[in-house]
Amino acid sequence: MEHITHNMEHTTYNTKHKATTMLHASCYVLRDPARRGFTIIETIVAVAILSVALVAPLTLAQRGLNSSMYAKDQVTAFYLAQEAIEYVHFIRDSNNIAGRSKTANWLIGLESCMGSNLCGIDINAPTGQNVVSCTGNLPACQLKFNSATGVYGLRSTPGWANTIFTRTLTITQVQIGNGPSADPNAQANLEARVSWKAGAITRTVVIKEKIFNWYPAQF
């Protein structure tokens, strides 16, 4: 009996020893460095690397967007400047039909644009209101836009909203030749200028052209 009791106690001890060993092993597994999470420093470093990696593509995207917006405004400004030049062609041709060629009146109707004067052009305004002087008053040449008709003009009436564009036209008459054969009404230099602001930067499109009074009088 004593021998049997001794064996049972020994078996009980072995069982407890194995349980204790398994418990220690489990704790060891839970404390395994290979299974631990990120430390705060590791997390901060990872976020910093990710931020640096995102800066380049975001910067490129922003620059691409800015470039596309600038290109849109530049194309609009170019056509607005060209429109002013074409209006001068129209006036010259109209004066020619009216028999004013080869005279000082070949550009009559554009007196507000001559010399150092600045003028604005509104081709859609009623007859007689197409040319507006803005010498000393540049805001008078700020273009408005009618969203209903899709055209630009200078009228401050309902339906017309201010735009970022300001358009001016300058006409300088040039004498050709000297002496008795000099012709002071033969040529004029045109300069159409459209300016606008893109953020804090002022941008400008300028179109220059020489126009000649080469038509013979019709009447």
Side-chain angles (χ1 to χ4, degrees), residues 59-97 106-174 176 185-215:
T59 301
L60 289 175
Q62 182 181 11
R63 288 181 179 177
L65 181 60
N66 291 340
S67 296
S68 64
M69 294 177 64
Y70 168 67
K72 172 180 174 293
D73 292 339
Q74 187 178 39
V75 170
T76 301
F78 172 80
Y79 282 115
L80 289 172
Q82 186 63 41
E83 182 182 63
I85 297 293
E86 294 300 327
Y87 182 76
V88 177
H89 291 178
F90 166 74
I91 292 297
R92 179 193 62 180
D93 297 342
S94 298
N95 287 335
N96 171 252
I97 294 173
W106 71 293
L107 291 177
I108 190 170
L110 295 169
E111 292 82 1
S112 298
C113 311
M114 297 293 185
S116 59
N117 295 325
L118 295 177
C119 71
I121 302 297
D122 185 350
I123 65 171
N124 297 292
T127 302
Q129 302 178 29
N130 304 104
V131 181
V132 176
S133 174
C134 53
T135 302
N137 183 23
L138 197 58
C141 286
Q142 182 180 8
L143 291 170
K144 279 75 174 174
F145 181 72
N146 190 322
S147 57
T149 59
V151 299
Y152 289 83
L154 294 172
R155 283 163 287 179
S156 300
T157 56
W160 295 79
N162 287 334
T163 69
I164 60 175
F165 301 105
T166 298
R167 178 174 63 188
T168 60
L169 175 68
T170 302
I171 302 175
T172 304
Q173 287 192 270
V174 179
I176 294 182
N185 303 309
Q187 176 186 331
N189 295 337
L190 313 180
E191 181 179 298
R193 182 181 296 265
V194 177
S195 302
W196 74 99
K197 269 199 170 184
I201 302 174
T202 299
R203 303 185 184 275
T204 304
V205 168
V206 178
I207 295 181
K208 295 182 179 182
E209 183 176 312
K210 297 181 185 297
I211 190 171
F212 297 92
N213 183 19
W214 52 36
Y215 296 133

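All of these numbers come straight from a predicted model, not from anything done at the bench. FYI, side chains are in, hydrogens and waters are out, and symmetry mates aren't considered; it's all heavy atoms of this structure.
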Pairs flagged by salt bridge (Lys or Arg N to Asp or Glu O under 4.0 Å) wherever [range] is involved - sequence neighbours left out:
range: residues 129-152; answer: none
range: residues 127-140; answer: none
range: residues 124-139; answer: none
range: residues 126-140; answer: none

request  = Sequence neighbours left out, what pairs pass side chain to side chain donor-acceptor pair (under 3.5 Å) with at least one residue falling in residues 199-208?
outcome  =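 Listed once each, the pairs are S195-T204.
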
task = Only counting residues at least two apart or in another chain, list the ones meeting side chain to side chain contact (heavy atoms under 4.5 Å, CB included) with T157.
result =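 Applying side chain to side chain contact (heavy atoms under 4.5 Å, CB included) to T157 gives R155, W160.
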
message = Could you work out, with ring pair (Phe, Tyr, Trp, His ring centres under 6.0 Å) as the rule, every residue matching F78, not counting sequence neighbours?
response =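 Result, ring pair (Phe, Tyr, Trp, His ring centres under 6.0 Å) vs F78: none returned.
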
inquiry  = Quick check: closest heavy atoms across S112 and N117, and the distance to 0.1 Å?
reply    =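 Result for this residue pair: O-CB, 3.1 Å.
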
request  = Taking all heavy atoms of T170 and all of G115, pick out the closest pair and write down the distance.
outcome  =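 Closest heavy-atom pair between T170 and G115: CG2-O, 3.2 Å.
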
query = I176 versus F212: any side-chain heavy-atom pair under 4.5 Å?
reply =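 Yes - at least one pair of side-chain heavy atoms lies under 4.5 Å apart.
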
key: Close side-chain approach of K197 and I164, heavy atoms under 4.5 Å   =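 A side-chain contact under 4.5 Å is absent here.
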
ask   = Under the salt bridge (charged side-chain N to carboxylate O under 4.0 Å, His left out) test, which residues partner R92, sequence neighbours left out?
value =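 By the salt bridge (charged side-chain N to carboxylate O under 4.0 Å, His left out) rule, R92 matches no residue at all.
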
Check against side chain to side chain contact (heavy atoms under 4.5 Å, CB included), M114 and L107 = CA-CA 9 Å; M114 297 293 185; L107 291 177; 3.5 Å; yes

Throw together a table of side-chain donor-acceptor distances under 3.5 angstrom for residues 120-142, partners on residues two or more places apart or in other chains.
from	atom 1	to	atom 2	distance (Å)
D122	OD1	N124	N	3.2
D122	OD1	A125	N	3.4
D122	OD2	L154	N	2.9
N130	ND2	D122	O	2.9
N130	ND2	A125	O	3.1
T135	OG1	L118	N	2.9
T135	OG1	L118	O	3.3
Q142	NE2	T163	O	2.8

Spacing of L169 atom CG and I207 atom CD1 [to the nearest 0.5 Å] =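 Between L169 CG and I207 CD1, I get 11.0 Å after rounding to 0.5 Å.
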
key: Within 6.0 angstrom of Y79 OH, more than 12 heavy atoms from elsewhere   =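 Incorrect, the count does not exceed 12.
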
Scan the side chains in residues 186-194 for donor-acceptor partners under 3.5 Å anywhere in the protein, sequence neighbours excluded, and list what turns up.
from	atom 1	to	atom 2	distance (Å)
Q187	NE2	N189	OD1	3.0
E191	OE2	R193	NE	3.4
E191	OE2	R193	NH2	2.9

ask   = Restricting to pairs with a member in residues 108-149, which pass ring pair (Phe, Tyr, Trp, His ring centres under 6.0 Å), not counting sequence neighbours?
value =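 Qualifying pairs, neighbours excluded: F145-Y152.
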
request  = Have a look at L143 and tell me which of V151, L80, T166, T76 forms a side-chain contact (heavy atoms from CB on, under 4.5 Å) with it.
outcome  =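 Single pass found, and it is L80.
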
task = Name all residues meeting the side-chain hydrogen bond (donor to acceptor under 3.5 Å, both in side chains) criterion together with N146; count only those two or more places apart in sequence or in a different chain, and write none if there are none.
result =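 Applying side-chain hydrogen bond (donor to acceptor under 3.5 Å, both in side chains) to N146 gives none.
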
request  = Begin with the C-alpha distance, continue with both residues' side-chain angles, and end with the deciding distance and a verdict on side chain to side chain contact (heavy atoms under 4.5 Å, CB included) for I211 and W106.
outcome  = CA-CA 11 Å; I211 190 171; W106 71 293; 4.1 Å; yes

